Chemist: 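Sharing a structure below in structure tokens format, with a few things to ask.
This structure is a prediction, so every number in the text was calculated from the model and none was measured. Letters A, B, ... mirror the listed sequences (proteins, then strands); counts begin at 1.
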Amino acid sequence: MAVSWDEITEGMSVPELKKKPSTQQLVLWAAGSGDFYQIHYDKDFAVGTGLSNIIVHGALKNAFLGQFLHDWIGNEGRIKSYGCSYRGMDYPNDEYTCKGTVTKKYEKDGEKLVDLEIWGENPEGKKTTPGHATVRIGK
Amino acid sequence: MTEAQAVPLITDAMRAEVGVESSPTTYEVDKTMIRLFARSVGHTDPVYYDEAAAKAAGYRSLPCPPGYLGTPVFKPSAGGEAGPMGRNRGAQPSRPLNRVLNGGTDIEYLDDICAGDVLTATSHLANLEETKGSIGEMLIVTNKTVYKNQDGKVVAVSTGTAIRY
């Protein structure tokens, strides 16, 4: 159920989305995104580049944040812009939690808009992908 | 080593490439790829899988899930040229940097993008920066891509950052 304009307040938290990408999901993502860089599915290759393990694709974590926003605003709302930085590695089979806070609620050019601080957290609570978004609520 | 480090990674040839628009690339937005992309993320909303559900929700066809901006038409002749995120393209830094990490992704959406759309994308190198971090010398490369649909309307602008080290 999509969030309604009236229930949004500045400072509120967005319901979190928990993900736990498996190695199988990383392979699926490689096909879905077209990113076949071996550090995401070939452990020997990943270790050879100095990593401790294969790592979750940054763009998949960005897509998780997109899913998190979509699930919150539903199909009447639209993501106007969103993005994140990749500041830390995430590893397969670790929980990755998408979280967000409303920073601004406003109307502009007839659209009901919300600015958010969004991020993904690793199991230790570190924000590995800090980001931001602007979404439109309703039509 | 110290002497080598005094030489900047960024060369004049690299700087000359900043702002130069690439030749256009065609991205096809089709149902099969939208379904695969949505499945690979773990989307549960039926609008990404079922066209009737998408139309009932007001879309022309399956909408692009966040982060999906069409699939480039694969050209075997160009296949060997580019490494991940184009690291082997264009002018190269003064010292070889063979590894790459994705630094960040930002997307601005200006209109709906749905299955059946054909996008034309042009990219340009927006910024180059060099710095030192826990992984050593880093070259931070920012690329901007503008996507127009079949009607010539700009529907999305994406900014990607690659970290070469």
Chemist: Taking atom types as modelled, is there a side-chain donor on Thr105(B) or Tyr86(A) under 3.5 Å from an acceptor on the other?
Modeler: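 Yes, a side-chain donor-acceptor pair sits under 3.5 Å.
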Chemist: Side chain from CB out, backbone as N, CA, C, O: work out which of these in Ile55(A) comes under 4.5 Å of a heavy atom of chain B, or both, or neither.
Modeler: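 The answer is the side chain of Ile55(A).
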Chemist: Pick one of side chain, backbone, both or neither for Lys19(A), based on which atoms fall under 4.5 Å of a heavy atom in chain B.
Modeler: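 When you check distances to chain B, only side chain atoms of Lys19(A) fall under 4.5 Å.
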Chemist: With only heavy atoms counted, which part of Val47(B) is less than 4.5 Å from chain A, the side chain, the backbone, both or neither?
Modeler: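 Contact with chain A involves the side chain of Val47(B) alone.
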Chemist: For the hydrophobic clusters of this structure (ILVMFWY residues joined by side-chain heavy atoms under 4.5 Å, transitively), does one cluster hold both Leu51(A) and Ile163(B)?
Modeler: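 Yes.
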Chemist: Is the backbone N or O of Ser40(B) less than 3.5 Å from a side-chain atom of Gln25(A), with the two atoms forming a donor-acceptor pair by type?
Modeler: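 Between the backbone of Ser40(B) and the side chain of Gln25(A) there is a qualifying donor-acceptor contact (under 3.5 Å).
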Chemist: Please classify the contact of Arg87(A) with chain B as side chain, backbone, both or neither, using a heavy-atom distance under 4.5 Å.
Modeler: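 Neither part, no heavy atoms under 4.5 Å.
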Chemist: Hey, is the main chain of Ile8(A) close enough, under 3.5 Å, to the side chain of Lys105(A) for a donor-acceptor pair?
Modeler: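 Flag set: sc Lys105(A) to bb Ile8(A) pair under 3.5 Å.
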Chemist: Between the side chains of Asn143(B) and Ser123(B), is a donor N or O closer than 3.5 angstrom to an acceptor N or O?
Modeler: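 Absent: no donor and acceptor within the cut-off.
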Chemist: At a heavy-atom distance under 4.5 Å, which candidate from Ile34(B), Thr44(B), Val41(B) has the highest pair count against chain A?
Modeler: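 Of the candidates given, the most pairs with chain A belong to Val41(B).
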Chemist: Where on His57(A) is there a heavy atom nearer than 4.5 Å to chain B: the side chain, the backbone, both, or neither?
Modeler: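 No part of His57(A) comes within 4.5 Å of chain B.
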Chemist: Where on Asn62(A) is there a heavy atom nearer than 4.5 Å to chain B: the side chain, the backbone, both, or neither?
Modeler: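 For Asn62(A), the side chain is the part near chain B, not the backbone.
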Chemist: Distance from Thr26(B) atom OG1 to Gln150(B) atom CD, nearest 0.5 Å?
Modeler: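 Thr26(B) atom OG1 to Gln150(B) atom CD measures 11.5 Å (nearest 0.5 Å).
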Chemist: Tell me whether the NZ or CZ atom of Lys99(A) lies within the 45° cone about the ring axis of Trp119(A) and under 6.0 Å from its centre.
Modeler: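 Pair Lys99(A)/Trp119(A) does not count as cation-pi.
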Chemist: Please output the residues of residues 107-114 of chain B in contact with chain A, using a heavy-atom cutoff of under 4.5 Å, in numerical order.
Modeler: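 When heavy atoms of chain A are the reference, residues 107-114 of chain B contributes Ile107(B), Glu108(B), Tyr109(B), Asp112(B) within the under-4.5 Å range.
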Chemist: Can you tell which part of Ile79(A) gets under 4.5 Å to a heavy atom of chain B, answering side chain, backbone, both or neither?
Modeler: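 Interface part for Ile79(A): both.
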Chemist: Shorter than 4.5 Å, heavy atoms on both sides: which option in Ala54(B), Gly160(B), Pro72(B), Gly42(B) has the most such pairs with chain A?
Modeler: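 Ranked by heavy-atom pairs under 4.5 Å with chain A, first place is Gly42(B).
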Chemist: Can you tell me which of Gly66(A), Ala30(A), Ala31(A), Gly83(A) forms the most heavy-atom pairs within a distance under 4.5 Å of chain B?
Modeler: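 Option with the greatest count: Gly83(A).
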Chemist: Got a second to check how far Asp45(B)'s CG is from Gln67(A)'s CD, nearest 0.5 Å?
Modeler: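 Taking CG in Asp45(B) and CD in Gln67(A), the distance rounds to 9.5 Å.
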Chemist: Distance from Thr97(A) atom OG1 to Glu121(A) atom CD, nearest 0.5 Å?
Modeler: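 It is 6.5 Å, given to the nearest 0.5 Å.
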Chemist: Less than 4.5 Å to any heavy atom of chain A: does that hold for the side chain of Arg35(B), its backbone, both, or neither?
Modeler: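 Contact with chain A involves no heavy atom of Arg35(B) at all.
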Chemist: Could you give me the CA-CA distance, side-chain angles and deciding distance for Thr129(A) and Lys61(A), then say whether side-chain hydrogen bond (donor to acceptor under 3.5 Å, both in side chains) is met?
Modeler: CA-CA 8 Å; Thr129(A) 46; Lys61(A) 297 187 274 186; 5.9 Å; no
Chemist: Is Val118(B) isolated, or which residues cluster with it under the ILVMFWY side-chain rule of less than 4.5 Å, directly or via members?
Modeler: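 Under the 4.5 Å side-chain rule, Val118(B) groups with nothing.
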